Amino acid sequence: MDNATLARLLDETAALLEIDSADPFRIRSYRRAAEAVEQQTQPLAGMIDDPKQLQTIGGIGKGMAANIVDLVRTGSMPLRDELLTKYRPSMLELLRLPSMGPKTVALLWSALQVSNIDELEAAAKAGHLNTLPRFGQKQVDKILKGIEDHRKNTGRFRIDVAEDWADRIAALIREFPGVETITYAGSLRRGRESVGDLDLLVTGPACEPAVVSAAVEHVAALPIISQLLAKGQNKVSFTLRNNLQVDVRLLPRASYGAALQYFTGSKMHNVTLRQRAIRMGYTLSEYALARIEPEEGQNPIVAGATEDEIYGALGMQCIPPELRENCGEIEAAIKHELPSLITLADIRGDVHMHTVATDGTCTIREMAEAALARGRGYIAITDHSKNLAMTNGLDDARAQEHIRAIRQVDAEMEGRIRVFAGIEVDILQAGDLDLSDETFAQMDVVVASVHSHFQLPVEEQTERILRALENPYLQILGHPTGRKVLKRDAHHYDLHTVLKRCVELGIAVEHNAAPARADLSDSNLRLAKELGCKISVNTDAHAVADMDRLRFGITQLRRAWLTKADVLNTLEADAFLASLRPRP
DNA sequence: GCCGTTTTCGGCCCGACTGTTTTCAGTCG
């Protein structure tokens with residue numbers, strides 16, 4: 001059983017406990033444990049013979065360790081089994097509907113034996129819901145609308161898509177006079193690969209309490225709104241036509257930092273931070289950090305205008321948003337030991353991209369110029385080899401011709417940017433690398449990617465990859481820490497084994513900067529770092545514009561606590577080539 | 001169920017909005 005499954009089962013148990021009206025603190029323990037499990041880089045299933053080892057993880061004590069042992073051994077645990085005799089697993093899906101919380105789900109079950117979405121819809125349409133306490137027609141309509149939306153769109157939004165929408169909304173809000181600053185908070189600011197909703201924080205003279213209502217009205221009337229969900233004194237919530245939910249908050253300058261801190265989250269990060277505040281005699285809210293018991297004539301407000309101020313008053317470094325996941329960043333910030341995270345400006349080269357020779361849409365020269373314009377010092381053109389036939393992959397003859405064309409452009413650029421010749425070969429498709437040694441020998445950079453085009457057992461896929469790694473020309477393993485394999489095809493090969501072999505052979509692993517649809521790669525990146533892998537972040541650009549997504553890749557590296565020193569292509573061109581695996 | 005600068009019990013984060021209330025429970029972030 002992998003960590004993601006363990007985490008899901010613990011989280012489900014928490015939800016069932018909620019429906020069961022259990023002790024809220026016990027529920028929180030299960031939630032905390034689920035998050036802790038998800039963030040582990042080592043598979044917990046391998047630790048069950050030594051529960052003491054499990055207990056070294058924060059949030060996992062004696063009881064939770066026993067639960068994990070049970071889950072791994074039997075696939076379930078006593079508490080979960082007991083809850084499932086009282087409730088149905090499908091009720092967890094109900095919790096995802098808007099305005100449906102544990103109390104309502106429990107009520108629906110006890111009063112109407114409603115346990116899933118279809119039954120809920122039927123009950124609503126039959127008018128049964130109106131017989132329940134606190135259920136008016138408005139509530140029923142809301143639920144029916146919620147069901148409809150849920151069926152239309154259940155997923156999260158990719159970070160680049162979400163950011164696009166945020167930009168458009170921000171531009172509309174900015175038309176209102178007196179709006180000065182708009183910041184994206186929430187998971188978008190933390191750089192999650194996917195976000196569930198948008199949190200926009202707005203400030204400026206128009207947001208001061210005396211005048212804010214006009215600005216609120218402006219936001220609530222934006223033409224982009226599909227459905228207005230809520231409108232308060234300084235908050236507007238709405239959905240877009242694509243069902244993306246947007247929360248806009250308009251705040252005075254004085255509390256902007258506190259609000260930004262608060263709405264950036266994550267939730268668990270905030271909880272831990274507030275616990276610290278209380279121990280120090282403060283209380284932290286979205287309005288300010290304040291003294292709990294101010295002395296006579298003392299201003300209770302300690303900080304609020306900036307995040308720096310707030311973290312500073314709590315005796316710690318200001319924590320970069322990407323790290324705020326309650327996985328050790330608070331302890332590190334207290335000791336002033338936060339790493340100096342990698343930034344976009346640290347990246348010197350991009351060594352995975354395609355041209356019109358295979359499935360790209362731009363020429364070598366266009367890619368070189370575009371990379372130069374973005375401040376890169378070198379690139380590698382790595383078109384596909386012939387086994388990826390649908391991309392018009394290169395055979396030996398075309399590959400060699402392509403190398404000559406690349407050398408030509410390199411010369412034309414006159415040293416303003418270096419253009420290296422490379423190739424991307426597909427390990428699983430080939431089972432081996434499919435060009436001649438002679439061709440490989442002429443390449444500057446050889447990237448091998450794991451495209452899982454067909455379904456093989458985990459063992460066999462892993463075996464094939466390990467075999468391919470033995471090819472002495474292979475220098476960078478593409479896609480091992482990105483989504484392509486690890487989320488959609490989560491179990492298609494044994495990452496741990498493959499990464500370890502890469503370290504032994506000196507093969508770097510690639511973090512693909514293309515924004516993914518899922519949200520798993522930071523723990524795999526941490527694993528790669530822990531194992532001592534060399535890491536290269538590349539855009540896999542198929543067009544000039546794709547190069548801009550490097551910043552999304554950097555965000556993921558930051559989430560994994562990586563520094564400049566952890567990433568190979570922060571080096572200058574010569575040093576980069578020298579640090580690749582030496583070839584025969 | 002976890003945890004410890006008040007340590008092995010007694011705590012555990014905070015506020016806004018909605019709907020259906022005639023004083024608040026539930027949901028949400």
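These numbers were taken from a predicted model, which means no experiment stands behind them. Numbered from 1 within each chain, the chains take letters A, B, ... in sequence-line order.
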Could you list by number each residue of [range] showing a heavy-atom separation from DNA chain B of less than 4.0 Å, or answer none if no residue does?
| range | result |
| --- | --- |
| residues 83-102 of chain A | A:Leu97, A:Pro98, A:Ser99, A:Met100, A:Gly101, A:Pro102 |
| residues 265-273 of chain A | A:Lys267, A:Val271 |
| residues 312-327 of chain A | none |
| residues 218-233 of chain A | A:Ala230, A:Lys231, A:Gly232, A:Gln233 |

Distance between the [atom1] atoms of [N] and [M], in whole angstroms?
| N | M | atom1 | answer |
| --- | --- | --- | --- |
| B:dT8 | B:dC3 | C1' | 10 Å |
| B:dC28 | B:dT23 | P | 25 Å |
| B:dG1 | B:dT5 | P | 23 Å |
| B:dT6 | B:dT22 | C1' | 43 Å |
| B:dT20 | B:dC24 | C1' | 9 Å |
| B:dA16 | B:dC12 | C1' | 22 Å |
| B:dG29 | B:dC13 | C1' | 13 Å |

Mark yes or no for whether [X], through its side chain, and [Y], through its backbone, hold a donor-acceptor pair below 3.5 Å.
| X | Y | answer |
| --- | --- | --- |
| A:Asn243 | A:Asp149 | yes |
| A:Arg526 | A:Trp561 | no |
| A:Thr85 | A:Glu82 | yes |
| A:Arg324 | A:Arg190 | no |
| A:Arg274 | A:Leu284 | yes |
| A:Trp109 | A:Lys86 | yes |
| A:Asn270 | A:Tyr262 | yes |

Can we say [X] and [Y] salt-bridge, meaning some charged N sits less than 4.0 Å from an Asp/Glu carboxylate O?
| X | Y | answer |
| --- | --- | --- |
| A:Arg189 | A:Asp199 | no |
| A:Arg26 | A:Asp20 | no |
| A:Arg151 | A:Glu121 | yes |

May I ask you to check whether over 12 heavy atoms, not counting those of A:Glu293, lie within 6.0 Å of atom CD?
no
Just checking A:Gln233: does its CD atom have more than 12 heavy atoms from other residues, nucleotides or ligands closer to it than 6.0 angstrom?
no
Atom [atom1] of [X] to atom [atom2] of [N]: distance rounded to whole Å?
| X | N | atom1 | atom2 | answer |
| --- | --- | --- | --- | --- |
| A:Ile278 | B:dT6 | CD1 | C1' | 14 Å |
| A:Gln139 | B:dT21 | CD | P | 11 Å |
| A:Lys145 | B:dG19 | NZ | C1' | 18 Å |
| A:Gln245 | B:dC17 | CD | P | 14 Å |
| A:Arg31 | B:dC13 | CZ | P | 15 Å |
| A:Leu108 | B:dG26 | CG | P | 13 Å |
| A:Tyr282 | B:dT5 | OH | C1' | 15 Å |
| A:Ile57 | B:dC3 | CD1 | P | 11 Å |

State whether [X] places a side-chain N or O below 4.0 Å from either non-bridging phosphate oxygen (OP1 or OP2) of [N].
| X | N | answer |
| --- | --- | --- |
| A:Arg274 | B:dC13 | no |
| A:Gln275 | B:dC13 | yes |
| A:Lys138 | B:dG19 | yes |

Side chain of [X], heavy atoms from C-beta onward: which of [options] has the nearest atom to it?
| X | options | value |
| --- | --- | --- |
| A:Met64 | B:dT18, B:dG1, B:dG29 | B:dG1 |
| A:Asn234 | B:dC17, B:dC2, B:dC13 | B:dC17 |
| A:Thr104 | B:dT18, B:dG1, B:dT27 | B:dT27 |
| A:Lys235 | B:dC17, B:dC2, B:dT18 | B:dC17 |
| A:Ser29 | B:dC2, B:dC12, B:dG26 | B:dC2 |

Are side-chain N/O atoms of A:Gln39 and A:Asn326 paired as donor and acceptor at under 3.5 Å?
no
Is the closest side-chain donor-acceptor distance between A:Ser115 and A:Glu119 under 3.5 Å?
yes
Quick one: label [X] by what it contacts on the DNA or RNA (base, sugar-phosphate, nothing), any heavy atom closer than 4.0 Å.
| X | answer |
| --- | --- |
| A:Gly186 | nothing |
| A:Arg28 | base |
| A:Arg134 | sugar-phosphate |
| A:Ser237 | nothing |
| A:Ile27 | nothing |

Applying the side chain to side chain donor-acceptor pair (under 3.5 Å) test to A:Tyr256, which of A:Thr203, A:Thr183, A:Thr306 qualifies?
A:Thr183
Nearest-nucleotide wise, let me know which of A:Gln137 and A:Phe263 is further upstream toward the 5' end of DNA chain B.
A:Gln137
Check: B:dG15 base within 3.5 Å donor-acceptor of A:Tyr287 side chain
no
Base-pairing assignment for B:dC14 (Watson-Crick or G-U wobble, both under 3.5 Å)
B:dG29
Identify, with sequence neighbours excluded, every residue that meets ring pair (Phe, Tyr, Trp, His ring centres under 6.0 Å) alongside A:His218.
A:Phe176
Apply side-chain hydrogen bond (donor to acceptor under 3.5 Å, both in side chains) to A:Thr181 and list each qualifying residue two or more places apart in sequence or on a separate chain.
A:Arg253
